[in-house]
Enquirer: 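First the structure, which I've put down as C-alpha cells, then a few questions once you've had a look.
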Amino acid sequence: MISSLDSLNERQREATVNTEGPCMIIAGAGAGKTKVLTARIAYLIQEKKVDPFKILALTFTNKAANEMKNRIEQVVGSIAKNVWLGTFHSCFARILRIEADRIGYPSNFSIYDTADSKSLLKSIIKEMNLDDKTYTPNVVLSRISSAKNRLITAQEYFNNPLYREDDESAMKPRLGEIFVTYAKRCFQAGAMDFDDILLNTYLLFNQHLDVLYKYQERFQYMLIDEFQDTNLAQYTIIKDLAVVHNNICVVGDDAQSIYAFRGANIRNILNFEKDYPNLVIVKLEQNYRSTQNIVEAANEIIGKNQLQLKKNVWTANERGELIGLIRATTDAEEGRLVAASIFEIKVQNQLRNEDFAVLYRTNSQSRAIEEALRKVNLPYRMLGGMSFYQRKEVKDLLAYLRFIVNHNDEEALKRIINEPKRGIGPSNIEKMILVASDHGISLWEVMCNAKNFLSGRAAEAVEEFAGMIQVIALEVSKKDAYEIASEIAKRSGLLKSLYEDKTVEGLARYENVQELLSGIKAFTSNPEQADPGLTNFLQDIALATNSEITDEDGGDKISLMTIHAAKGLEFKYVYIVGIEEDLFPSPLMLGSKEDLEEERRLFYVALTRAKKKIFLSYTISRYRFGKLKQCEVSRFIGEIDPMYLHMSHATNRYTEKLNTNYAKQFINSMRPMASPKRAKLQPDPSTNIQAFQASDITQLKSGMQVEHPTFGIGNVITIELAGAHKKARINFSGLGEKTLLLSFAKLKILSSSKE
DNA sequence: GTAGTTTAGCTTTTT
DNA sequence: GCTAAACTAC
C-alpha cells in the first residue's frame, strides 16, 4: 500500500481517495493541505494507475510547484516529472507555445514583465500626446490588467459604451484607445504580458474548439491549489478544461484569500458549489501546526470578517506561549529588539536560524531588520523584494537574449540599443521609428539598413549593433544558452563597461552579470536538461521570479519576507513587524469593507505561520520616504483579546522611559536642521574649471578638504554607503551641506586631513 | 545630439 | 532610497 496514506487522518484520507467527480477541500491553516494534495496525486498514479501526463496540477507560485513536485517524486519516483505541475502562468504558457500559431503568435513569443508593460504604456501615452499625469502607467496598466482578468479583450473594452462611460467619469476617456494600441503593439512585438497568458489561453480554447477538446481529453484529473486566489480568467479556463472528465479538485481556504488586488475573486470558492451541485466538500479543520494560543487568537481575528465559509479550526497541540508584544521607538530600534529577541531565544533553546522568520507588510521594511541582523551576525535570507531578475544589469543582459530570439521585441530593443552607450541617442531612435512607420516595416528592418536613413556616425553605430545581433542570432540553433549569453555579454560591451566601472556599485553590477551567466551555465549543464538552447532558457526564466537563485545558498538562515511571500510556509518563531495603523492595514486598502477584510485575512495568514510563538512589533516613529513619521498602533492588535498577549521584557526597559509626548518630542529632536538658504550656484571664478582634475574618490575619507568645480571648497562630513550608492555629505563654505553621489561627483582632494 | 549630473517624485502585496 | 526625467555641458 501507499505509505503516504498511512500518515493521514480520517478527513485527510477522505480528501485523498475521493478522486472521481468534483471535489472541494477546504483546508484551514496548518491542516496538511500540501500533504493531501501530494498524497492525492501519488494515489492517482499508484493506485488508480493514471498516466501522469493526464494529470494537471496548478499552483500560484513556483515555490509551491517545486515543493509539490519534490514531494510527489519522493513517493512515486521520477515518473512524477511527467505530471503537468506548475503555476497557472507556466502551464498555460507551455500550452500557448505549443499552439501559438493558432492565435497568430510565434512559438518563441516574449513575455513582458510589469516593467516592460509600463514602459510600453508610457511610450504609447506619449505618442498619443496625452497628459502623463492623468494617464499614469500604473493606473492604466491596472485598469487593463483587471479587464483582462475578467476576460475582456481590448476590442470588447473599446466597443462597450459602459466602460467608456466609466472611464469618462474618471476623466480618462481615452483608456479604451490606449488599451487597443497596447494590445496591438504587444502582438506586433510577439509578446504577451502576464495577463495575456491567461486571456490568450482562454481565447485559444474558445476560438479553436479542436484545441480545447485535445486538452479536455488530455487532462483527466485536475487539481487546483490556493483556489481562493483564482480570478475569473483562471477559473473559467479550469472549468472549460474540466467539462469532459469532470474530475476537478480544488483546494483552498477562503480565510487566506489575499490576492484580490490582482483580480482574485473570493467568490470563486464561496460559490463553487453552485457551479457543481454534486460537489463533495471535505473540510480539514484540525491544525497540526500551531499552539492553542496561536490558533485561538487567529480564529478571533478572522472571526471579525463577514465574508467567509463556516469552519471550526482547532488543534490538539499544547496551549503554548502568549503572543509577545514589542514596542520600539524607531524602525531601527525595532530591528535591534527583534534581532536581540531572536538571539536570546535561539541561544536559550538551542534552536537553528531557520526556526525564525521576520514578516512584514511592505518590502521596504526589510532594510532596518537586515541591518540589525547583520550587526549581531545572525545570517538571514531574503525572499522576494527587489529580485535578482529585476536588477538593471541583469535585465539588460536578458533583454539582449530576448532580442536575439525575437527581433520584434520592442521593449527589449529599447533597453539594449544604447546600453552600453554606443552613440545611438533618443533622437536617432525617434528618427528610425518614424521611418519604420512611414515605410510600414519594423524598426529592426530599418536598423539593418541604417545607412539609407541615417547619416554618418549614428548610421555606423546602428549597423554595427545590428550586425552583431545578426551574427549571434545565426548561432542560436548551434550553441547552447550559456555560449550565446557569454558571447553577447562580451561582444556587446556590456561586461566591459561594467568591469571598467570601479565604483562599489559598478563592481556589484559586474558580479551580478557574472552570477547570471553562471546561472545560465547551471541551466545548460544540468544533466536532466533536455533542451539547453537559448529559447528554452528564456521561456524558463520569464516566469521564474525570485526564489530559485536565493534558494541555492541553502544554509541555516533566518527568513525575511513579506507576508504574501510567506503563505504556505511555517516557522517555529514568527516576528511580524510594523503592526502600525498607517502600514498594516495598508492605508491604500481602507477604501472599502472588503479591502479591510482582505488585510485582516493577511494578518491571519501571518499569525498562522507560527508553530510555537508569535511576536508582534510596532514602533512609534518610522522613516518613510526618507522622513521620520509618527506611527500609531494598528487596530489589529486591539482586535486580539488581551488574554493572548504579553509585553516582552525588552520592551519594558524602553517603555519605562516613555511619556505621552515622547513620540512628538523624539521626532522633533531627530528632524534635520533646516537647510541653509540655497545660494545661487555660481561657479567660483577663482576655480579654473578647465584645468580641474578630479582625484580618485575611492581615497575620500571624512574630514578631508575637497574642491568641487562648481561648489568650491568644502569639508567632507560623512561618507555613507546607501544601498547601491555611495554618498558623501560635504559642507561647502558659503553653501552649507550638500550630498553628492560619489559615482558622479568630480572632487579634488585638497588635504588628507587629520589621519 | 549625446553624455554626464542633479533633482523630483513616488512605493502594497505578485505571476 | 532608488529611478527616471530634467537639466547642463560638451
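Chain A is the first sequence line, chain B the second, and so forth, proteins listed ahead of strands; every chain is numbered from 1.
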Enquirer: Return whichever of E599(A) or S427(A) has its heavy-atom-nearest nucleotide of DNA chain B closer to the 5' end.
Expert: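 Its nucleotide being nearer the 5' end, the pick is S427(A).
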Enquirer: Distance check needed: dT15(B) P versus L383(A) CG, whole Å only.
Expert: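 Answer to the nearest Å: 11 Å.
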Enquirer: Report the residue (T362(A) or G423(A)) whose heavy-atom-nearest nucleotide on DNA chain B is the more 5′ of the two.
Expert: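 Of the two residues, G423(A) wins.
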Enquirer: Over how many whole Å does the gap from R391(A) atom CZ to dC2(C) atom C1' extend?
Expert: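 Rounded to the whole Å, the gap is 11 Å.
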Enquirer: What nucleic acid atoms does D195(A) come within less than 4.0 Å of, heavy atoms only: base, sugar-phosphate, or nothing?
Expert: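 Nothing, no heavy atom under 4.0 Å.
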Enquirer: Consider the side chain of K122(A), meaning its heavy atoms from C-beta on, and name the nucleotide among dA3(B), dG1(B), dA4(C) that approaches it most closely.
Expert: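 Of dA3(B), dG1(B), dA4(C), dA4(C) is nearest to the side chain of K122(A).
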Enquirer: In whole Å, I'd like the distance from the CE atom of M589(A) to the C1' atom of dT14(B).
Expert: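 Taking atom C1' of dT14(B) as the reference, CE of M589(A) is at 13 Å.
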Enquirer: From dG1(C), dT2(B), dT13(B), pick the nucleotide closest to the side chain of T562(A)?
Expert: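 Comparing dG1(C), dT2(B), dT13(B) against the side chain of T562(A), the answer is dT13(B).
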Enquirer: How is F60(A) classified with respect to the nucleic acid when contacts are heavy atoms under 4.0 Å: base, sugar-phosphate, or nothing?
Expert: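 Contact class for F60(A): sugar-phosphate only.
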Enquirer: Start at the 5' end of DNA chain C and walk down; is the nucleotide closest to R415(A) or to E371(A) reached first?
Expert: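 First, find each residue's nearest nucleotide; the 5'-ward one identifies E371(A).
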Enquirer: Is there a donor on the side chain of R361(A) or the base of dT13(B) sitting less than 3.5 Å from an acceptor on the other?
Expert: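 When only heavy-atom distances are counted, R361(A) does reach the base of dT13(B) through a donor-acceptor pair under 3.5 Å.
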Enquirer: Taking atom P of dT14(B) as reference, at what distance in whole Å does atom CZ of F88(A) sit?
Expert: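 It works out to 18 Å between those atoms.
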Enquirer: Given atom CG of D331(A) and atom P of dT11(B), what is their separation to the nearest angstrom?
Expert: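 So the two atoms are 21 Å apart, to the nearest Å.
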Enquirer: Just the rounded figure in Å: distance from C1' of dT15(B) to CE of M192(A).
Expert: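 Nearest whole value for this atom pair: 15 Å.
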Enquirer: Would you indicate which nucleotide in dT15(B), dT11(B), dA3(B) comes nearest to any side-chain atom of L588(A)?
Expert: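 Nucleotide nearest to L588(A)'s side chain: dT11(B).
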Enquirer: Measuring to OP1 and OP2 of dT2(B), would you say a side-chain N or O of N428(A) lies under 4.0 angstrom away?
Expert: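 Checking N428(A) against dT2(B): at least one side-chain N or O falls below 4.0 Å of OP1 or OP2.
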Enquirer: What is the distance, rounded to the nearest whole Å, between atom CD of E430(A) and atom P of dG1(B)?
Expert: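 Taking CD of E430(A) and P of dG1(B), I get 11 Å after rounding.
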Enquirer: Looking only at side-chain atoms of T114(A), point me to the closest of dT15(B), dG1(B), dT2(B).
Expert: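 Taking heavy atoms from C-beta onward, the closest nucleotide is dT15(B).
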Enquirer: Can you tell me which nucleotide in dT12(B), dT14(B), dT2(B) comes closest to the side chain of S586(A)?
Expert: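 So the side chain of S586(A) is nearest to dT12(B).
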Enquirer: Remember a base hit wins even if backbone is also touched, and classify P587(A) as base, sugar-phosphate or nothing at under 4.0 Å, heavy atoms.
Expert: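 Answer is nothing: P587(A) stays at 4.0 Å or more from every strand.
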Enquirer: Describe, in one word, how the ring planes of F603(A) and F584(A) are oriented to each other, choosing from parallel (under 30°), tilted (30 to 60°) and perpendicular (over 60°).
Expert: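 The rings of F603(A) and F584(A) stand perpendicular, inter-plane angle above 60°.
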Enquirer: Among dT14(B), dT2(B), dT12(B), find the nucleotide with the atom closest to the side chain of H564(A).
Expert: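 Minimum distance to the H564(A) side chain belongs to dT14(B).
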Enquirer: Should the pair F60(A) and Y259(A) be assigned to parallel (<30°), tilted (30 to 60°) or perpendicular (>60°) ring geometry?
Expert: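 Taking Y259(A) first and then F60(A), their aromatic rings lie parallel (interplane angle under 30°).
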Enquirer: So, for D254(A) and I266(A), which heavy atoms are closest and what is the spacing to 0.1 Å?
Expert: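 That would be O-CD1, 3.6 Å.
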Enquirer: What nucleotide, of dT12(B), dT13(B), dG1(B), holds the atom closest to the side chain of K431(A)?
Expert: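 Shortest atom-to-atom distance from the side chain points to dG1(B).
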Enquirer: Can F261(A) be called stacked on dT13(B) when the rule is centres closer than 5.5 Å and an angle between planes below 30°?
Expert: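 So yes, this residue stacks on that base, both cut-offs being met.
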Enquirer: Counting only side-chain nitrogens and oxygens, does N231(A) get under 4.0 Å of the OP1 or OP2 atom of dT15(B)?
Expert: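 The answer is no; no side-chain N or O of N231(A) sits under 4.0 Å from OP1 or OP2.
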Enquirer: Of the options dA3(B), dT12(B), dT13(B), whose atoms approach the side-chain atoms of K421(A) most closely?
Expert: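 Of dA3(B), dT12(B), dT13(B), dA3(B) is nearest to the side chain of K421(A).
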